[in-house]
Amino acid sequence: MNPPLALTVAGSDSGGGAGIQADLKTMLALGVHGMSVITAVTAQNSRGVQGVWELPEEAVRAQYRAVVDDIGVQAVKTGMLATAALVETVAELLAGTPGVPAVVDPVGVSKHGDPLLAETALESVRTKLLPVATVATPNLDEVTQLTGLVVEDEAGMRRAAEAILGYGPRWALIKGGHLPGDHAEVVDLLTDGTEEHWLYAPKYDNRHTHGTGCTLASAVASGLAKGLDVPEAVREAKSYVTGAIAAGFALGSGIGPVDHGWQTR
């Protein structure tokens with residue numbers, strides 16, 4: 001029996017911890033056949049992003065059509081889209097693939113603070129990309145970028161979810177890993193505006209967390225490709241990412257990645 005099929009539309013991370021590389025590793029670890037549309041190439045390592053080169057819109061469109069028209073896909077995940085033109089191109093492609101769930105990780109900056117989305121692209125994310133998302137997965141910094149809200153507690157996470165849902169995704173997954181204060185647990189909020197799911201996991205004292213957001217979004221897409229509903233896919237993804245963070249390892253002289261293969265070690 002063939003595995004489920006998931007497609008990542010994102011940037012390449014030459015260091016292998018985030019982006020397309022993290023997405024494909026996650027999909028493989030979760031029993032899904034991963035396919036890719038590369039939107040940008042980055043020169044990146046444990047110390048940060050040294051360079052970014054976006055691909056032309058026609059290259060992104062051709063990759064997507066090549067995969068979807070021949071092989072088919074059961075879930076799509078988007079990550080780094082870099083420019084307004086690429087955001088709008090990808091949003092148009094997703095809108096033209098009805099019935100396929102889309103997990104949108106609105107990547108704004110890297111783990112090291114390097115910008116991965118042009119300021120001019122934010123409005124396109126709000127008005128074009130989020131409306132076609134099944135699940136949007138912003139962290140708290142991305143919430144601030146998109147909505148202007150500064151989240152400092154769980155009540156703020158609820159307000160953030162309401163604001164993100166206002167842009168049109170069916171579900172918002174607000175990731176609370178950057179909440180200020182010394183918390184023993186990491187809390188995320190998943191809601192569609194009607195039902196709420198608060199997800200808690202242990203907070204590990206491990207600085208090697210490069211690729212966490214990419215990995216979580218890809219894990220959610222993998223669950224959706226398997227036919228899970230959104231809350232179940234998110235719960236399974238949270239469990240997988242928590243293990244990957246706990247096993248994160250040093251790489252180079254900076255911030256190392258989460259361990260995508262932790263279940264097999």
Side-chain angles (χ1 to χ4, degrees), residues 6 8-13 15-27 29-30 34 36 39-40 42 44 46 48-49 75-82 87 90 102-117 122 125 129-130 133-146 151 157 160-161 164 169 171-179 186-190 199 201 203-204 206-224 233-234 236-248 255-260 262:
T8 168
V9 183
S12 168
D13 171 8
I20 289 280
Q21 288 81 354
D23 298 338
L24 294 177
K25 290 173 186 178
T26 298
M27 292 168 183
L30 296 176
S36 64
T39 59
T42 71
Q44 189 171 167
S46 70
V49 179
V76 179
K77 174 259 176 182
T78 73
M80 175 189 176
L81 300 181
V87 169
V90 171
V103 180
V104 170
D105 183 15
V107 174
V109 296
S110 76
K111 183 67 68 179
H112 305 86
D114 301 297
L116 299 176
L117 182 72
L122 286 170
V125 172
L129 188 61
L130 290 176
T134 307
V135 189
T137 66
N139 63 30
L140 299 187
D141 293 334
E142 290 155 356
V143 164
T144 301
Q145 263 193 320
L146 290 166
V151 178
M157 290 176 69
I164 292 293
W171 292 83
L173 175 60
I174 308 299
K175 300 178 295 191
H178 296 167
L179 275 179
V186 177
V187 59
D188 299 332
L189 169 61
L190 173 70
L199 307 164
K203 188 168 190 174
Y204 293 102
N206 184 357
R207 67 190 288 260
H208 301 302
T209 55
H210 183 50
T212 307
C214 305
T215 300
L216 179 65
S218 295
V220 173
S222 296
L224 297 176
V234 170
E236 288 202 2
K238 172 92 168 174
S239 176
Y240 170 73
V241 170
T242 300
I245 291 170
I255 299 173
V258 302
D259 185 354
H260 299 96
W262 68 271

Please check if the side chain of E142 supplies one atom and the backbone of N139 the other of a donor-acceptor pair under 3.5 Å.
-> yes

In this structure, CG of L190 is separated from CG of L199 (nearest 0.5 Å) by 6.5 Å

How far apart are the closest heavy atoms of A10 and D23, and which atoms are they?
-> CB-OD2, 3.8 Å

Stepwise side chain to side chain contact (heavy atoms under 4.5 Å, CB included) check, V151 with I174 = CA-CA 10 Å; V151 178; I174 308 299; 5.7 Å; no

Going through the distances and angles, do K175 and T212 end up as a side chain to side chain contact (heavy atoms under 4.5 Å, CB included)?
-> CA-CA 11 Å; K175 300 178 295 191; T212 307; over 6 Å; no

Donor on one side chain, acceptor on other, T215 and H260, under 3.5 Å | yes

Contact summary for V186 and G176, nearest pair of heavy atoms = CG1-C, 4.4 Å

Distance-minimising heavy-atom pair for I255 and H208 | C-ND1, 3.8 Å

Which atoms form the tightest heavy-atom contact between A75 and A221, and what is the distance?
-> CB-O, 3.3 Å

Heavy-atom side-chain proximity of T42 to M80 below 4.5 angstrom | yes

Separation between CG (D105) and CG (L129), nearest 0.5 Å, reads 10.5 Å

Heavy-atom side-chain proximity of T26 to T8 below 4.5 angstrom = no

Check salt bridge (Lys or Arg N to Asp or Glu O under 4.0 Å) between K25 and all other residues, then give those that pass, not counting sequence neighbours.
-> none

Side-chain heavy atoms of L179 within contact of M157, under 4.5 Å = yes

Heavy-atom pair of closest approach, residues G177 and D188 = N-OD1, 4.5 Å

To the nearest 0.5 angstrom, please state how far the CE atom of M27 sits from the OG atom of S222.
-> 5.0 Å

Looking only at heavy atoms, the pair that brings G34 and L24 closest together is C-CD2, 3.6 Å

Non-hydrogen side-chain atoms of P169 and T134 separated by less than 4.5 Å = no

Is a side-chain donor or acceptor of Q21 paired with a backbone partner of D13 at a separation under 3.5 angstrom?
-> yes

Apply side chain to side chain contact (heavy atoms under 4.5 Å, CB included) to the pair V220 and K77, showing each step before the final yes or no.
-> CA-CA 9 Å; V220 173; K77 174 259 176 182; over 6 Å; no

Verdict with supporting geometry, T242 and Y204, side chain to side chain contact (heavy atoms under 4.5 Å, CB included) = CA-CA 9 Å; T242 300; Y204 293 102; 3.7 Å; yes

